[in-house]
Amino acid sequence: MKKLVMIGNGMAGVSFVEQLLKLNPHRYDITIIGSEPHPNYNRIMLSSVLAGEATMEDIVLNSWEWYRENNIQLHAGQTVTAVDTEARTVTTNLGLQLEYDELVFATGSLPFMLPLPGADKEGVIAFRDIKDCETMLSASQQYKKAVVIGGGLLGLEAARGLVNLNMEVHVVHIHHYLMERQLDETAAKLLQAELERQGMKFLLTKNSDTIIGGDRVEGLTFKDGTSVEADLIVMAVGIKANSGLAKDAGIAVNRGIVVDDYMETNIPNVYAVGECAEHRGIVYGLVAPLYEQGAVLAKKLAGIEADGYQGSVLSTKLKISGVNVFSAGDFSDGPDTRALRVQDDLDGIYKKVVFKDGKISGAVLFGDTSEGSKLFSYIRKGDSFAGREKEVLFGSGGGGKASGPDDLVKAMSGDEIVCGCNGVTKDTIVEAITEKGCVSVGEIKACTKASGSCGGCKPLVEAILLATVGADNVSAVKEGICGCTTHSRDEVVDAIRSMRLTNSREVMAVLEWKNPEGCSKCRPALNYYLGMVWPAEHEDELESRFVNERNHANIQKDGTYSVVPRIYGGVTTPEDLKRIAEVAEKYEVPLVKITGGQRIDLLGVKKEDLPKMWKDLDMPSGYAYGKTLRTVKTCVGKTFCRFGTQDSIQMGIDMEKKFERLNTPHKVKLAVSGCPRNCAESTIKDLGVIAIDGGWEVYVGGNGGTKVRAAELLVKVKTEEEVLEWTGAYLQYYREDATYLERTSEWAARVGLDTIKKALEKKEDRDALNSRIDHTLSLTQDPWKQIIENDELRSAFDALTAPVHAEAAAAVTNNGSNDQTV
Ligand SMILES: Cc1cc2nc3c(=O)[nH]c(=O)nc-3n(C[C@H](O)[C@H](O)[C@H](O)COP(=O)(O)OP(=O)(O)OC[C@H]3O[C@@H](n4cnc5c(N)ncnc54)[C@H](O)[C@@H]3O)c2cc1C
Ligand SMILES: NC(=O)c1ccc[n+]([C@@H]2O[C@H](COP(=O)([O-])OP(=O)(O)OC[C@H]3O[C@@H](n4cnc5c(N)ncnc54)[C@H](O)[C@@H]3O)[C@@H](O)[C@H]2O)c1
Ligand code: SF4
Ligand code: FES
């Protein structure tokens, strides 16, 4: 078999390989070398990760398994340092030497870093990869002042992410208006006003001079003598093709690696695709053209005769929620162009369409971008509107548009790309609808990836869906628990019960999941529902759990873990304290912290030390990482406090001992206070108990986190047994009724206290709920102990080599907060 070697494991390169495998899966023995220690991920979505709208897990495009399943040798974390086109070999920084028959450069771009004095200071970064994203996420925890240099697409998306991370953000731009390459001045000013409203500050017409500070950046000065403070500077002033390696190998390089219409360089059997390639003098910096290039190269290397690459017309969309901006083609005014402009200050809408010889050469839309896909299609196809230009925006006579979405869909050819970000054609979307039964945009996204990145193609995907199945069917469709299915949470749980489904694969197969592998949203949810319905029969699917739950420890931003042993009711002993101290010393734990939930947190632990520490501690897991019962906070109560009316400590210990290890839809925190002074803050807990004269009050649905909610009084009871009985019934009702990842506060607000009271008011109902929760609890075991004592589990744990850096941040966004109180 011929050897195909690809340098670069990014979006353009891997998309080319995917297309090649579809055309001819057995023609090549494929090897990919990629500098980044990750499988191929959606670089576009880094903006969404930074803005807190997606997790690192969500953005993986090709999993490690995908490479294995397709027999692709992947050397991730290695960089090709030399190419010998005579000997047909490539050599990596780790000394690996590989021979090739066909070589593809897919090395992408490098961010352009302004060569300012001080640019090497700590805290000066680009925004290009996962590492940069992680640096920003962690800087935001420690520092407050960010400066983004460059008011282009990347700079603004970075700025929005940093604002979401509570940083004070200044955007420094060299021009007098933002995104001058993609917008005209009117649209740019509207955009600036909207972004200022969202919290960004702008320094326009500023020429950066020097980055000041000590080891770490402290500010930026400008050539006009002014300055701005900064403890983080992100440079987003453009990119340059990463073509140095090719140049050193004697391949023709201009602004990028020069290629012909078939992506071939001047050296036979050597190709380039993506941002590193220069085609007809143009180096592209958006994914849509890169996918088109990949398709051409795939056909060429699959031995299929086809038209060469002709170059691409570009369209862009800024990925900032609450802002609708679209631009496409060439929208600049010239002596031979005429423009149609619409400005509606009342609704904040601006549209500009530029015509040249009756055809649309470019367009800018702000505020309402619903016509973006249509205009982009007219531009690409070169449709003529000579003599009827106004119809494009105002429609013909009666006010209808030049054509509706239906006409647009009909006019599109099957191989036309609908989703530029993911290279998805109209045919692929229609096939997902007609053959795989997708009936919502969410399902089409899960099936084809269309609309899953910038979201710009969503209106067109909707239009295709509408045109293919008809409006009636679309409106009848409800959203499922995720894009993989139309089944709601209740339908899924009903099916699990009625059909006795006991594992996720069965559920997905029986309920005809569109994506047979499921996704990061439905897999953990199914695992929870299955365990809730069938506690004995269902085998916990570790691979479906979030990384913290898999590791039984909270991953920290630097890839280390935290260890929190169980301390029932916050009461410890000198022996336990000594042991914790010895363990902390033995494993050189950098930080020992008392948590808000009255426990001791050992932070900064290496993964390989976890089981040894658990063994040495000889204490149960505190489950500080799981969707389970976390803590029961107690006040000192009547034993020592002069106000105390009941023994709150013992009540709390009893509750914690009874309900520990219980899986719940989301984390659950309890508290017990010994009198209405409420020192244990029982009224902001998922369930809080307050002692009163002659009894107890039980409060439910409280939360002290980001969405503070006061708990509501569920019931007043007399005895400790009754407290446990109501708590058990309440927790089981929540387990059985709530949606996975719904906190009790959200659930209680949604279903209403009356519904909860009604479900629990009859003793026989409470007893039934308690018998189910007791059955579940009787099957639980301490996970730390299991791993220490069971060799098989221990090896499986040791083998868990999650890509730490990608998941560290994911764990944080997956609600794996370290906080023990809220
Ligand atoms: C935050 C952000 C948001 C973006 N948003 C959008 C958007 O909304 N829409 C859009 O169209 N585009 C967007 N882009 C641009 C888009 O991501 C790029 O166009 C696309 O990723 C380019 O793909 P590529 O494969 O050519 O290069 P890359 O994705 O950069 O991949 C190249 C890979 O090659 C590796 N490599 C380089 N040299 C070597 C070597 N010698 N040995 C081994 N490996 C090597 C690199 O480490 C890299 O992983 C965005 C970019 C960023 C950074
Ligand atoms: N939504 C999207 O489509 C999207 C999002 C992010 C990134 N990207 C792509 O990623 C690549 C990088 O994006 P980018 O925004 O860095 O590139 P860009 O070239 O589009 O924009 C860079 C901006 O920085 C400004 N600039 C240049 N020198 C400056 C200086 N000294 N001081 C202040 N401002 C200066 C320029 O005027 C320009 O507006 C591009 O190819 C872009 O298309 C696309
Ligand atoms: S809640 Fe009441 S009993 Fe408990 S510590 Fe405070 S004052 Fe004392
Ligand atoms: S065009 Fe960006 S998600 Fe489809």
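Each ligand, and each atom within it, is numbered from 1 in the order the structure gives. Computed from a prediction, not measured in an experiment: that's the story for all the values here.
- Neither the backbone nor the side chain of M179 has any atom closer than 4.0 Å to an atom of ligand 2 (non-hydrogen atoms only).
- Atoms of ligand 2 found under 4.0 Å from any heavy atom of Q182, numbered from 1 in the order shown, are 20 (O).
- Under a 4.0 Å criterion applied to the non-hydrogen atoms of V172, ligand 2 contributes the atoms 33 (C), 34 (N).
- The side-chain contact (heavy atoms from CB on, under 4.5 Å) with I233 is formed by just one residue from the set L116, L114, V147, V228; it is V147.
- Of all protein heavy atoms, the one closest to atom 21 (O) of ligand 2 is G152 CA, 3.9 Å.
- The side-chain contact (heavy atoms from CB on, under 4.5 Å) check on S15 picks up Q19, Y291, with sequence neighbours excluded.
- What sits closest to atom 13 (O) of ligand 2 on the protein, heavy atoms only, is L154 CB, 3.3 Å.
- Regarding atom 1 (S) of ligand 3, its nearest protein heavy-atom neighbour is C679 N, 3.3 Å.
- Taking atom 36 (C) of ligand 2 as the reference point, the nearest protein heavy-atom neighbour is E180 OE2, 3.5 Å.
- Close approach to I149 involves these atoms of ligand 2, each under 4.0 Å from a residue heavy atom: 32 (N), 33 (C).
- Numbered from 1 in the order shown, with element, the atoms of ligand 2 that lie under 4.0 Å from a heavy atom of K319 read 1 (N), 5 (C).
- For ligand 2, the polar-atom distance check finds an N/O of G285 within less than 3.5 Å of one of the ligand's N/O atoms.
- The pair K426-E416 does not meet the salt-bridge criterion, since no charged nitrogen lies less than 4.0 angstrom from a carboxylate oxygen.
- Backbone and side-chain nitrogen or oxygen atoms of E157 are examined, and one is located within less than 3.5 angstrom of a nitrogen or oxygen of ligand 2.
- Taking a cut-off of under 4.0 Å to the non-hydrogen atoms of N678, the atoms of ligand 3 that pass are 1 (S).
- For K436 (side chain) and E431 (main-chain N/O), no donor-acceptor pair under 3.5 Å exists by modelled atom type.
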Item to check | Residue pair D184, K189: steps toward the salt bridge (Lys or Arg N to Asp or Glu O under 4.0 Å) verdict | outcome: CA-CA 9 Å; D184 68 357; K189 292 289 172 201; over 6 Å; no

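- A salt bridge is absent between E157 and K317; no separation between the charged side-chain nitrogens and carboxylate oxygens falls under 4.0 Å.
- Taking atom 4 (C) of ligand 2 as the reference point, the nearest protein heavy-atom neighbour is L153 CB, 3.6 Å.
- Looking at atom 27 (C) of ligand 2, its nearest protein heavy atom turns out to be V237 CB, 3.7 Å.
- Nearest-heavy-atom check against atom 33 (C) of ligand 2 across V283, I174, L204 picks out I174.
- By the criterion of a heavy-atom distance under 4.0 Å, neither the backbone nor the side chain of L178 is placed next to ligand 2.
- The distance from ligand 2 to the heavy atoms of G150 drops below 4.0 Å at these ligand atoms: 24 (O), 33 (C), 34 (N).
- Judged by distance alone, the side chain of D231 and the main-chain N or O of E218 form no donor-acceptor pair under 3.5 Å.
- The distance criterion of under 3.5 Å between nitrogen or oxygen atoms is met by K317 with respect to ligand 2.
- For N42 (side chain) and I59 (main-chain N/O), no donor-acceptor pair under 3.5 Å exists by modelled atom type.
- Between atom 4 (Fe) of ligand 3 and C675 there is no N/O/S contact shorter than 2.8 Å.
- Salt bridge absent: D129 and R43 never bring a charged side-chain N and a carboxylate O closer than 4.0 Å.
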Checklist entry - How far apart are the C-alpha atoms of K201 and E168, what are their side-chain angles, what is the distance that settles it, and do they pass the salt bridge (Lys or Arg N to Asp or Glu O under 4.0 Å) test? => result CA-CA 8 Å; K201 294 181 183 140; E168 188 194 318; 3.7 Å; yes

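- Here the side chain of R181 pairs no donor or acceptor atom with the backbone of G152 at under 3.5 angstrom.
- Ligand-side atoms of ligand 2 in range of G238: 14 (P), 16 (O), 17 (O), 19 (O), 22 (C), range being under 4.0 angstrom from any heavy atom.
- Judged by distance alone, the side chain of Q598 and the main-chain N or O of T634 form a donor-acceptor pair under 3.5 Å.
- Among all protein heavy atoms, the one lying closest to atom 25 (C) of ligand 2 is H173 CE1, 3.7 Å.
- When all heavy atoms are compared, the tightest approach of G596 to K633 is O-NZ, 3.4 Å.
- Relative ring orientation between Y284 and Y309 is described as perpendicular, the plane-to-plane angle rising above 60° on a 0-90° scale split at 30° and 60°.
- The protein heavy atom nearest to atom 8 (Fe) of ligand 3 is C641 SG, 2.3 Å.
- At the shortest separation from atom 31 (N) of ligand 2 among protein heavy atoms lies L114 CD1, 3.4 Å.
- Contact atoms of ligand 2 toward H175: 37 (O) (distance under 4.0 Å to a heavy atom of the residue).
- Ranking the protein heavy atoms by distance from atom 4 (Fe) of ligand 3 puts C635 SG, 2.2 Å first.
- Listing protein N, O or S atoms at distances below 2.8 Å from atom 2 (Fe) of ligand 4, with waters left out, gives C421 SG, C454 SG.
- Nearest protein heavy-atom contact of atom 3 (S) of ligand 3 is G644 CA, 3.4 Å.
- When non-hydrogen atoms are compared, ligand 3 lies under 4.0 Å from neither the backbone nor the side chain of T645.
- When each of R380, Q293, E292 is paired with S312, the side chain to side chain donor-acceptor pair (under 3.5 Å) condition holds for E292 and for no other.
- No donor-acceptor pair closer than 3.5 Å links the side chain of T369 to the backbone N or O of G372.
- Here the side chain of K223 pairs no donor or acceptor atom with the backbone of K206 at under 3.5 angstrom.
- Side-chain atoms of T135 come within 3.5 Å of backbone N or O of K131 as a donor-acceptor pair.
- The contact set between ligand 2 and I239, taken as ligand atoms under 4.0 Å from a residue heavy atom, comprises 11 (C), 12 (C), 41 (O).
- Formation of a donor-acceptor pair under 3.5 Å by the T210 side chain with backbone atoms of I212 is not found in this model.
- Checking side-chain atoms of S648 against main-chain N and O of C635 turns up a donor-acceptor pair under 3.5 Å.
- Counting heavy atoms under 4.0 Å from ligand 2, residue L286 touches it through the side chain alone.
- Here the heavy atom of the protein found nearest to atom 19 (O) of ligand 2 is R181 NH1, 2.6 Å.
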